[in-house]
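What follows is a set of notes on a single structure, which appears directly below.
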Amino acid sequence: MLKVRVIPTLLFKDIGLVKGVGFNSWRRVDTVLPAIKVYNMREVDELILLDISASSQNRDPDYKEIEEFSKECFIPFTVGGGIKTLEHIKLLLRSGADKVCINSEAYNNINLIKEASDMFGSQCIVISIDAKLHEDGNYYCYSNCGTICINKRVEDWAKIVEANGAGEILITSIENDGTMKGYDLELIKRITDVVDIPVIASGGAGSYEDMYKAINYSKADAVAAASIFHFTEQTPKCAKNYLGLKGIPVRRT
């Protein structure tokens, strides 16, 4: 088993970081640069920064800000939000991002994944899937920050993005997001059962045990979290210590 990664997620909106429940990110929690500096010291494996207002405002990523953030980030840095073209990806990578995270535009233009993978390498193309459970027992994909239902089952879409060159999948339960009641283990497992690329679990972590379950039961390759690190005394370093004691291989600095 490869070493499991613990990845804080930063949600960037307008001028600062926010967090909420169920993708209703209304609560201001910090500004970006201080958060990055703190995580540099807390043995995190990677950082994910998502500009959650870029798509709704129909604007390009803010390359100047990403360049400023990346100068202070000494760990692998994934950036998402507003990505629609190969030029966007090129400029983000030039600005200091190590990976890009694509959601809404992938549904509109599946060729973007393949072209980006061919041009920049699949290792830096992360596809984000936001999902909800419907009454028919299937999980369906949502775009535009969880506001538009795409008529695609998550398993089907995961296989499509893998076939088109995605290097990783970030799977988020919209309903569990921000609740700190635990990951949706069944949702994660439905993805890990059908793809061979790494899967990052997201949405609902409230304890180190939640992370362990996502890895041990759902076979996630990494765990992403936000609220647990913003609103409790739990830390990425202690999360890795806990996972290590449970027999999960983790990265040590």
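This structure is a prediction, so every number in the text was calculated from the model and none was measured. Side-chain atoms are counted along with the backbone in the values below, which use heavy atoms only and exclude waters and symmetry mates.
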Report the C-alpha separation of Lys64 and Glu67 in whole Å, then their side-chain angles, then the decisive distance to 0.1 Å, and conclude whether the salt bridge (charged side-chain N to carboxylate O under 4.0 Å, His left out) test is met.
-> CA-CA 5 Å; Lys64 183 177 179 180; Glu67 185 174 7; over 6 Å; no
Which is it for Arg42 and Thr235 under the side chain to side chain contact (heavy atoms under 4.5 Å, CB included) test, yes or no, and what are the steps along the way?
-> CA-CA 7 Å; Arg42 291 194 171 176; Thr235 67; 4.1 Å; yes
Trace of the side chain to side chain contact (heavy atoms under 4.5 Å, CB included) decision for Val44 with Val6 | CA-CA 6 Å; Val44 304; Val6 175; 5.9 Å; no
Should Asp98 and Cys124 be marked as a side chain to side chain contact (heavy atoms under 4.5 Å, CB included) after you check the CA-CA gap, both sets of side-chain angles, and the distance that decides it?
-> CA-CA 6 Å; Asp98 298 289; Cys124 69; over 6 Å; no
Do Thr172 and Leu170 pass the side chain to side chain contact (heavy atoms under 4.5 Å, CB included) test, and can you show the C-alpha distance, the side-chain angles, and the key distance before you say yes or no?
-> CA-CA 7 Å; Thr172 304; Leu170 172 67; 4.2 Å; yes
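In this structure, the separation between CD on Glu105 and CD1 on Ile89 is 10.0 Å, given to the nearest 0.5 Å. Distance check: Leu92 CG to Lys99 NZ gives 15.0 Å after rounding to the nearest 0.5 Å. One finds the CD1 atom of Ile215 at 11.0 Å from the CG atom of Leu185 (value rounded to the nearest 0.5 Å). Here OG of Ser95 is found 11.5 Å from NZ of Lys90. Values are rounded to the nearest 0.5 Å. Summarising the geometry, atom CG belonging to Asp193 is positioned 11.0 Å from atom NZ belonging to Lys159; distances are rounded to the nearest 0.5 Å. The line from NZ of Lys114 to CG of Asn109 is 13.0 Å long, rounded to the nearest 0.5 Å.
Using a 4.5 Å heavy-atom threshold, the side chains of Val4 and Leu2 count as separate. Considering only heavy atoms from C-beta on, Glu175 comes within 4.5 Å of Leu133 through its side chain. In this structure the side chain of Val126 never reaches within 4.5 angstrom of the side chain of Val100, judged on heavy atoms. Looking only at side-chain heavy atoms (C-beta outward), Ser173 and Tyr183 stay at 4.5 Å or farther from each other. Residues Tyr140 and Ile150 fail the side-chain proximity criterion, which asks for heavy atoms closer than 4.5 Å. Looking only at side-chain heavy atoms (C-beta outward), Thr192 and Val195 stay at 4.5 Å or farther from each other. For the pair Tyr139/Asp184, a side-chain contact is recorded, criterion being any heavy-atom separation below 4.5 Å from C-beta on. A heavy-atom distance below 4.5 Å is found between the side chains of Thr9 and Leu50.
Hydrophobic clustering (ILVMFWY, side-chain heavy atoms < 4.5 Å, transitive): Val38 and Leu11 are in distinct clusters. Both Ile148 and Val154 are members of a single hydrophobic cluster when ILVMFWY side chains are connected at heavy-atom separations under 4.5 Å. Both Tyr217 and Ile169 sit in one connected hydrophobic cluster of ILVMFWY residues. Membership requires side-chain heavy atoms under 4.5 Å apart, directly or through other members. Under the 4.5 Å side-chain contact rule for hydrophobic residues, Val79 and Met119 share a cluster. Put simply, Ile66 and Leu33 are part of the same group of oily side chains (I, L, V, M, F, W, Y) that touch within less than 4.5 Å, one to the next.
The side chain to side chain contact (heavy atoms under 4.5 Å, CB included) with Glu162 is formed by just one residue from the set Ile191, Asp196, Ile113, Ile127; it is Asp196.
The closest donor-acceptor contact from the side chain of Asp62 to the backbone of Glu65 lies under 3.5 Å. Without hydrogens or angle criteria, Asp45 side chain to Ile7 main chain gives no donor-acceptor distance under 3.5 Å. For Ser122 (side chain) and Gly167 (main-chain N/O), no donor-acceptor pair under 3.5 Å exists by modelled atom type. A donor-acceptor contact shorter than 3.5 Å links the side chain of Asn40 to the backbone of Glu72. Looking at Ser117, its side chain never comes within 3.5 Å of a backbone N or O of Ala166 through a donor-acceptor pair. Side-chain atoms of Thr179 come within 3.5 Å of backbone atoms of Lys181 as a donor-acceptor pair (strictly under, hydrogens ignored). Here the side chain of Asn103 pairs no donor or acceptor atom with the backbone of Ser143 at under 3.5 angstrom.
Cys73 meets the side-chain contact (heavy atoms from CB on, under 4.5 Å) test with Ile36, Leu47, Ile75, Phe77; sequence neighbours excluded.
Side-chain N/O atoms of Thr232 and Gln234 include a donor and acceptor closer than 3.5 Å.
Under the 30°/60° scheme for interplanar angles, the aromatic rings of Tyr242 and Tyr212 are found to stand perpendicular. The aromatic rings of His88 and Tyr63 sit tilted relative to each other, their planes meeting at an angle between 30° and 60°.
In this structure, Lys246 places its NZ atom where more than 12 heavy-atom neighbours from other residues, nucleotides or ligands lie under 6.0 Å away.
A cation-pi arrangement is present between Lys132 and Tyr142 under the rule of less than 6.0 angstrom and at most 45 degrees off the ring axis.
Among all heavy-atom pairs drawn from Cys101 and Ile83, the shortest one is O-CD1, 3.6 Å. Taking every heavy atom of both residues into account, Ile228 and Ser207 meet most closely at CD1-N, 3.6 Å. When every heavy atom of Arg190 is checked against every heavy atom of Gly137, the shortest pair comes out as NH1-O, 3.0 Å. Considering every non-hydrogen atom in both Ala158 and Val194, the closest pair reads CB-CG2, 4.5 Å. Taking both residues in full, the closest heavy atoms of Ile129 and Cys141 are given as CG2-SG, 3.8 Å, listed atom of the first, atom of the second, then distance. Closest non-hydrogen pair, Ala224 versus Ile200, comes out as CB-CG2, 3.8 Å.
Lys84 and Asp60 are not joined by a salt bridge, as no carboxylate oxygen comes within less than 4.0 angstrom of a charged side-chain nitrogen. A salt bridge is absent between Lys213 and Asp210: the closest approach of a Lys/Arg side-chain nitrogen to an acidic carboxylate oxygen does not fall below 4.0 angstrom. A salt bridge between Lys189 and Glu186 is absent, with no side-chain N of the basic residue lying under 4.0 Å from a carboxylate O of the acidic one. With respect to Glu168 and Arg5, a salt bridge is recorded, a charged nitrogen being found less than 4.0 Å from a carboxylate O.
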